[in-house]
Amino acid sequence: MRRSRAFIPTTKEAPNDATLPSHIFLARAGFISQVSSGLYNYMPLAKRVIKKIENIINEEMSKVGAQEVELSFVTPADLWAESGRIEKFGKELLRFRDRKENLFVLGPTHEEMMVDLVRNRVTSYKNLPLNLYQIKTKFRDEARPRFGLMRGREFIMKDGYSFHATTEDLDREFDAMEAAYKKILTRLGLDFRVVEADSGAIGGSGSKELMVIADSGEDTIAICSKCEYGANIEAASRSGRGAIPEAPEAEFNKFLTPDTSSIDDLAEFFKIDPYYTVKCVAKKVIYEDEIEVVLFFMRGCDNLQEVKAINATDALDIEDVSEEELRELGLTPGFIGPLDQDKAKHVIDTDLKNAQNMICGANEQDYHFVGVDLSVISEVAYFAEIAEVNEGDTCPHCDGELSFRKGIEVGHIFKLGTTYSEALKAEFLDENGKAQPFIMGTYGMGVSRLVAAIIEQHHDESGCIWTKQSAPYMVNVMVSNIKDEEQLKVGEDLYERLQNAGVEVMLDDRKDRFGFKMKDAELIGFPYTVVVGKELVNGSVQIFDRATKEKTTVAIDEVFDKLMELIK
RNA sequence: CGGGGUGUAGCUCAGUAUGGUUAGAGUACUUGGUUUGGGACCAAGGGGCCGAAGGUUCGAGUCCUUUCACCCCGACCA
């Protein structure tokens, strides 16, 4: 492509609403333009990057025997009613009626459609397993789209669905998909981590997220310093903690502790580590048809992890509760403890099981119990893992230490089980001629989000730095001064030769000055720019490496071979 | 959905407290000339229903009311 003919509207200034590097640079370099909240136009460069990613996905999917399909974007609302998700998805589902007043939704994900496609067409165990996928625009009417391509309402996702006769076969496929996804991200040149994820709400026996490591990521993940373990903070667990402070030994007693309603006050009052205090976090727990106040107890040094709390109580959701509401129940906020108190349901963190030398609220204004031995309630109380892990805690699989990172969730793979096949009555006949629901897996990968993730991980102050496998063009041949006929000729020749060799190459043949064109090349982020300019008098040109910003002088007759070697 | 902010040229923004020529700058764009190794210079141009609707006024970008859009923090997010 000739730069003089290309539609690449670069700008010096970023749109005022862009905050993340990926958003700023993709907009400035002429990849995307915003249409409305969460909606973007992809311009030629972005389209090329998207195709690159799609090709890699297609290749890896093909290797593991997954077949590509394409399901309709507009889906009948009936299907969503059948699975029950029309309620659950709520306002994120964009609904509308056609001219005959039939209700439709724009597909936010395609479990229903895919199950509908397969049911009554695949009816025998002999035709299983089956893995179908598509790469397609999705629409979710997000409450708050943000960060450019990172969280749009309209976005491109690869979504795959597998169908199995046995859970063992699903496990095998799940592992194969994890491997394929890792391969895709590795090929794209990304630093990522596969982490364990929460899968409570959707059910199923497990899910993993693929996280691209980047400071701007919206998810926090805990990773082990020694082994492969990694988990979303919502699902992370620990086997212990770093250093356990010295225990404050005391006889069991009730103590007057005025004005110590917070853990900090309490620890200060007794001059002890918060580790030996019991924290109470009261929440309103929402069930389908009732709302209940539940008291969550954990060590004072820990925090409640809400997703774990929801899973522990089988709730739909959890909300804050006010002090007034607690008082109405007869509770004393700031002094609530798990002993001698049955005003509300308790959930106690497993780390408190049999805990000794604890200090907890006495359920009486200005009083705490000291020297508490929680083993007295360990038989009767409900224990669950509800505390969030902390940095420095011990890995659940080895003796390594956990630390936190920020990640961008670019993939999520799920063992779905029979949730959808049962809801939609999608069954096959097994060896015994008995009808069984399909056992399913689902595998998502955010294609447009990957475009942003690549830049979040690969950029500098000058702009984008595309990895070789994701670059819209591999080589940019820049003629420094097109009025210099020799420069232009050498540039044109190299451009043609590279093109004939199948290299994706841009020829910057614009009538602008050197500096302008260099800044532009850096902003766009071509992996290599060949500068045909001043050094031509010595019979050489320069190869500019975008990642390192280093210029290497190369003789004209060697530059082609050198480039072919670099781009391998 | 709660809290905050912003809408003026393609883009980034002044101007609005105190209403008053023909609404500005930078950048981008067009034309001519000079320049050609790090977003050049000179000159001349084109480009605006000042987010929308209603109101107050002799007069509204500016004041009042309503409304829409977008952004940020939070809630939410298979």
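Below, chains carry the letters A, B, ... as their sequence lines are ordered, and counting in each starts from 1. Note that these values count all heavy atoms, side chains included, but never hydrogens, waters or copies made by symmetry.
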Between [N] and [M], how many Å separate the two [atom1] atoms, rounded to a whole number?
{"N": "B:G19", "M": "B:A43", "atom1": "C1'", "value": "37 Å"}
{"N": "B:A17", "M": "B:G7", "atom1": "P", "value": "14 Å"}
{"N": "B:A14", "M": "B:A25", "atom1": "P", "value": "16 Å"}
{"N": "B:A52", "M": "B:A69", "atom1": "P", "value": "15 Å"}
{"N": "B:U22", "M": "B:G59", "atom1": "C1'", "value": "15 Å"}
{"N": "B:G48", "M": "B:G2", "atom1": "C1'", "value": "36 Å"}
{"N": "B:G47", "M": "B:A9", "atom1": "P", "value": "15 Å"}
{"N": "B:U8", "M": "B:G4", "atom1": "C1'", "value": "22 Å"}

Residues [X] and [Y] bridged, charged N to O under 4.0 Å:
{"X": "A:E456", "Y": "A:R449", "answer": "no"}
{"X": "A:K138", "Y": "A:E92", "answer": "no"}
{"X": "A:D171", "Y": "A:K415", "answer": "yes"}
{"X": "A:R172", "Y": "A:D169", "answer": "yes"}

- Give me the ring orientation class for A:F104 and A:F96: parallel if the planes are under 30° apart, tilted from 30 to 60°, perpendicular past 60°.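 Judged by the thresholds at 30° and 60°, the geometry between A:F104 and A:F96 is parallel.
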- Task: For the residue pair A:H459 and A:F25, categorise the inter-ring angle as parallel (less than 30°), tilted (30 to 60°) or perpendicular (more than 60°).
- Result: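 Plane angle between 30° and 60°, so tilted.
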Once you apply a heavy-atom cut-off of 4.0 Å, does [X] come out as touching a base, just sugar-phosphate, or nothing?
{"X": "A:A14", "value": "sugar-phosphate"}
{"X": "A:P9", "value": "nothing"}
{"X": "A:M157", "value": "base"}
{"X": "A:T442", "value": "nothing"}

Between [atom2] of [N] and [atom1] of [X], the distance in whole Å:
{"X": "A:F147", "N": "B:C71", "atom1": "CZ", "atom2": "P", "answer": "11 Å"}
{"X": "A:K284", "N": "B:A75", "atom1": "NZ", "atom2": "P", "answer": "17 Å"}
{"X": "A:I24", "N": "B:C71", "atom1": "CD1", "atom2": "P", "answer": "14 Å"}
{"X": "A:E319", "N": "B:G2", "atom1": "CD", "atom2": "C1'", "answer": "13 Å"}
{"X": "A:I318", "N": "B:A75", "atom1": "CD1", "atom2": "P", "answer": "14 Å"}
{"X": "A:E306", "N": "B:C77", "atom1": "CD", "atom2": "P", "answer": "10 Å"}
{"X": "A:L93", "N": "B:C77", "atom1": "CG", "atom2": "P", "answer": "14 Å"}
{"X": "A:N41", "N": "B:G10", "atom1": "CG", "atom2": "P", "answer": "17 Å"}

- Task: Verify the distance criterion only: is there a donor paired with an acceptor across the side chains of A:K158 and A:Y181 at less than 3.5 Å?
- Result: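 On atom types as modelled, these side chains qualify, holding a pair under 3.5 Å.
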- Item | Residues A:H164 and A:E173: side-chain donor-acceptor under 3.5 angstrom |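 Note: A:H164 and A:E173 side chains miss the donor-acceptor criterion.
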[N], OP1 or OP2 - any side-chain N/O from [X] closer than 4.0 Å?
{"X": "A:S36", "N": "B:A69", "result": "no"}
{"X": "A:N16", "N": "B:C11", "result": "no"}
{"X": "A:R146", "N": "B:C72", "result": "no"}

- Query: Which glycosidic conformation, syn or anti, is assigned to B:A40 if syn requires a torsion within 90° of zero?
  - Reply: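 B:A40: anti glycosidic orientation.
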- With A:S262, which residues qualify under side-chain hydrogen bond (donor to acceptor under 3.5 Å, both in side chains), at least two apart?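 Partners of A:S262 by the side-chain hydrogen bond (donor to acceptor under 3.5 Å, both in side chains) criterion, ordered by chain and then number, come out as A:D265.
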- Task: Grab the stems for RNA chain B, please: at least three consecutive Watson-Crick or wobble pairs, both distances below 3.5 Å, written as range with range.
- Result: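 Counting only runs of 3 or more consecutive pairs, the stems involving RNA chain B are B:1-7 with B:68-74, B:10-13 with B:24-27, B:29-34 with B:40-45, B:51-55 with B:63-67.
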- Item | RNA chain B: 5'-proximal contact among A:R151 and A:P15 (nearest heavy atom) |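 Its nearest nucleotide lies further toward 5', so the answer is A:P15.
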- Task: Could you say whether A:H23 or A:D317 is positioned toward the 5' end of RNA chain B, judged by the nucleotide with the nearest heavy atom to each?
- Result: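 Per heavy-atom nearest nucleotide, the more 5' residue is A:H23.
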- Item | Positive for salt bridge (Lys or Arg N to Asp or Glu O under 4.0 Å) with A:R119, one of A:E82, A:E427, A:E112 |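 Of A:E82, A:E427, A:E112, salt bridge (Lys or Arg N to Asp or Glu O under 4.0 Å) with A:R119 is met by A:E82 alone.
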- With the side chain counted from C-beta on, respond yes when A:M61 and A:I184 share a heavy-atom pair under 4.5 Å apart, and no when they do not.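 A:M61 vs A:I184: side chains touch.
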- Any idea which of B:C71, B:C72, B:C76 is nearest the A:D17 side chain?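 Among the listed nucleotides, the one closest to the side chain of A:D17 is B:C71.
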- Task: Encode nucleotides 28-39 of chain B as B, S and - characters from 5' to 3', where the letter depends on protein heavy atoms closer than 4.0 Å: B to the base, S only to sugar-phosphate, - to neither.
- Result: -------BBBBB
